[in-house]
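Every value quoted in this text rests on a predicted model; they were computed, and no experiment measured them.
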Amino acid sequence: MRKALFGLTIALFFAGCSTRSTRNPLLARIDSLQRIDPDAAFNRLYEGKIRLESAEDTVFYNLLCCETYLQKPLSFQTNSLPNQLITYYKNHGTRALLSRAYLCKSINQYKHGNYKDALANAIAAQETADKQDDYPYCRLQLTLGNINLDNGCYQLALRQFREARKAALRFDRNPTLIARCYLLESKAHKRLNHVDSTVKCLKLTLPFINKTDPSTYAEILTSLGEWYFDRGDYAQSGAYLARAYPFDYTYRTAMAIGNLWQHRRNTAMAADYWYKAANSNEHDIRMAALDSLLKIKPGNTFLLQEYHRATKESPSINTDEIARLQSDFEQNALQKRAYQRISVLLLVIILLMVAAFVGRRYYINKVKRLYRNLNNVNARYVHDLEAYRWAKNEISRLEKRIADYQDDRKAPEKWNIENEMLATDCVITLHRLASRGRQAPENNRQELYQLVANHDPSLMKTLHQSHLNEKERLVCLLIRLRFIPSELSVLLGISPQNVTNMRQRLLQKLFHAQGGAKDFDERIRSL
């Protein structure tokens with residue numbers, strides 16, 4: 001049996017989605033397996049035969065344990081483990097893993113009836129989620145839908161269950177997940193009194209029913225039994241409930257069978273099933289069972305005590321606050337998308353206007369005249385720069401002599417290292433290339449990177465962390481080394497206006513500030 005299970009996990013690993021969250025191949029296979037068979041993944045994790053050789057593997061192992069554990073009708077007493085996962089992945093993980101950690105915390109809080117905090121963490125998970133990964137996105141939408149369903153936000157819940165169902169169908173490798181999406185969607189329709197849609201969603205679960213886990217199997221049959229009971233078809237209702245009862249883990253079936261016996265006027269049998277339903281961990285079923293029992297035994301002290309205790313333990317429901325939190329989040333998301341659409345639209349309009357007013361012949365002639373002027377300006381600049389270099393060398397010689405006179409051997413070490421960089425052969429070569437109207441070749445660019453890396457490593461680190469492209473990095477380095485915009489235009493092979501625009505964009509990208517190209521020059525030179 002174990003060999004067959006091991007072979008199944010290997011097949012699922014190659015068929016399922018890959019992960020970069022761990023270097024441990026066994027954990028990667030279990031991650032793929034839990035998307036299709038959470039029970040098998042749970043068993044593999046708790047066999048205790050997994051070697052964890054790094055902190056990364058240990059944290060990912062804990063994440064998988066947390067996810068598979070919470071998919072069962074179980075919960076953690078505290079949020080200690082999800083909090084540890086969130087803290088680690090905030091500092092070391094990807095946004096997708098952080099989203100999964102937030103979702104674990106949200107599910108655990110939901111199971112304890114802490115709806116407000118559960119919603120806040122589910123929203124945090126949604127903000128960092130990878131919407132291209134259908135399985136975790138489906139589970140996230142199911143969690144949001146359950147929170148809204150329990151708090152009376154039925155329209156929101158219905159919309160989120162539909163999103164979950166679409167993601168589950170795209171994933172298409174977990175029949176239980178698809179059936180549960182249809183089942184929860186039917187619950188939302190039922191709360192909204194959408195009779196036809198309720199039964200339609202329930203019937204859509206039937207093709208998957210024999211492929212689901214026992215809990216989902218029982219819940220589907222129980223939902224169908226309740227629906228037929230509400231329609232007055234008690235024989236059909238009893239048939240479905242009888243099939244569901246041996247698999248029922250939530251006591252919901254026992255409650256429904258009790259109601260059926262009560263309808264048949266067999267109070268004793270009804271009470272037996274209601275007593276069983278009163279042991280449920282689901283608060284609404286427990287309250288309904290106790291309420292039904294008290295109607296037939298109003299003077300029973302034990303039942304009254306249990307009823308009062310269950311009332312005190314009831315989760316706090318605040319429909320308005322739950323709806324407001326989600327409304328605020330959705331409003332912010334809409335504003336962000338609207339801003340992005342407007343920005344793209346403005347860019348398109350600008351490009352169309354430029355294309356309408358600039359003809360090909362005019363553009364070519366203008367560029368030719370521009371480059372002639374640039375070459376003249378650059379030639380004069382190089383001449384003056386070489387004269388400056390000669391004068392600086394002479395000054396350096398005189399400073400050395402003065403230092404010798406003053407017997408101050410440390411004085412040269414106090415000179416500005418950036419001025420030393422300005423006089424290097426690499427920098428002068430680039431100035432000469434610009435004066436001749438030639439772009440900077442690859443070897444000169446590499447020499448420039450090496451020069452700055454040796455003399456100003458903090459600048460290179462800043463540019464690397466900012467995820468700039470090659471031209472943007474070159475613009476930063478050349479402006480830092482006192483190259484003028486016309487030289488940048490020639491060396492990079494772009495128009496002066498593009499140089500100006502790129503400097504303005506870099507001001508926002510590197511320094512998160514608004515301003516012009518000269519503001520960027522001042523900022524980059526002051527680092």
Side-chain angles (χ1 to χ4, degrees), residues 72-74 111 113 146 149-152 154 179-180 182-195 198-199 201-203 205-206 209 212-315 317:
K72 294 180 173 293
L74 303 169
K111 289 185 175 183
N146 280 322
L149 191 67
D150 288 356
N151 283 272
Y154 302 136
R180 184 156 290 278
Y182 279 123
L183 185 61
L184 290 170
E185 195 174 341
S186 74
K187 286 185 178 181
H189 280 301
K190 185 176 180 180
R191 301 285 178 87
L192 291 166
N193 295 319
H194 299 164
V195 178
T198 300
V199 69
C201 289
L202 286 175
K203 288 181 178 180
T205 63
L206 294 177
I209 191 168
T212 62
D213 59 30
S215 177
T216 306
Y217 179 88
E219 197 166 352
I220 292 172
L221 293 176
T222 301
S223 296
L224 285 166
E226 290 175 338
W227 188 84
Y228 280 109
F229 182 86
D230 293 338
R231 302 279 78 76
D233 189 344
Y234 304 113
Q236 190 75 354
S237 174
Y240 278 114
L241 294 175
R243 289 172 60 191
Y245 187 70
F247 300 94
D248 182 39
Y249 301 140
T250 62
Y251 300 94
R252 184 178 162 199
T253 309
M255 184 67 204
I257 294 176
N259 293 337
L260 188 61
W261 281 114
Q262 175 68 7
H263 174 77
R264 293 171 178 171
R265 302 184 184 280
N266 192 332
T267 306
M269 288 295 294
D272 286 343
Y273 282 100
W274 287 337
Y275 271 114
K276 293 174 184 177
N279 294 316
S280 174
N281 292 326
E282 297 180 45
H283 183 264
D284 57 338
I285 295 174
R286 184 182 177 192
M287 289 294 294
L290 290 171
D291 186 61
S292 297
L293 287 168
L294 283 170
K295 288 180 180 178
I296 61 175
K297 298 180 180 181
N300 190 306
T301 305
F302 173 75
L303 291 175
L304 286 170
Q305 290 175 346
E306 287 296 310
Y307 186 84
H308 289 308
R309 188 172 68 176
T311 303
K312 290 179 180 179
E313 294 174 354
S314 62
I317 296 176

Note to self: His194: which residues meet the ring-ring contact (aromatic ring centres under 6.0 Å, His included) condition with it, sequence neighbours left out?
What the structure shows: His189

Checklist line | Those residues that, when tested against Lys111, pass salt bridge (Lys or Arg N to Asp or Glu O under 4.0 Å) (two or more places apart) | finding: none

Check residues 234-244 and write down every donor-acceptor pair under 3.5 Å in which the side-chain atom is one partner and the other belongs to a residue at least two apart or another chain.
from   : atom 1 : to     : atom 2 : distance (Å)
Ser237 : OG     : Gly225 : O      : 2.7
Arg243 : NH2    : Tyr217 : OH     : 3.4

Item checked: Heavy-atom closest contact (Leu149 atom, Arg191 atom, distance) -> O-NH1, 3.3 Å

Next item on the list: Compare all side-chain heavy atoms of Trp274 with those of Met255 and state whether any distance is below 4.5 angstrom.
Entry: yes

Margin query: Checking Asp233 now: which residues fulfil salt bridge (Lys or Arg N to Asp or Glu O under 4.0 Å) with it, not counting sequence neighbours?
Written below: none

Notebook entry, point to check: Is there side-chain contact between Ile257 and Lys276, with heavy atoms separated by less than 4.5 Å?
Noted result: no

Next item on the list: Please identify each residue that fulfils ring-ring contact (aromatic ring centres under 6.0 Å, His included) with Tyr154, with sequence neighbours left out.
Entry: none

Margin query: Just so I know, are the side chains of Thr205 and Thr212 near enough to count as touching, which here means a heavy-atom distance under 4.5 Å?
Written below: no

Notebook entry, point to check: Any side-chain heavy atom of Thr253 sitting closer than 4.5 Å to one from Leu221?
Noted result: no

Note to self: Taking the side chain as everything from C-beta on, heavy atoms only, tell me whether Cys201 gets closer than 4.5 Å to Lys190.
What the structure shows: no

Would you be so kind as to tabulate the donor-acceptor pairs closer than 3.5 Å made by side chains of residues 285-304, with sequence neighbours excluded?
from   : atom 1 : to     : atom 2 : distance (Å)
Arg286 : NH1    : Glu313 : OE1    : 3.2
Arg286 : NH2    : Glu306 : OE1    : 3.3
Ser292 : OG     : Ala288 : O      : 3.0
Lys297 : NZ     : Tyr275 : OH     : 3.3
Asn300 : OD1    : Phe302 : N      : 3.0
Asn300 : OD1    : Leu303 : N      : 3.1

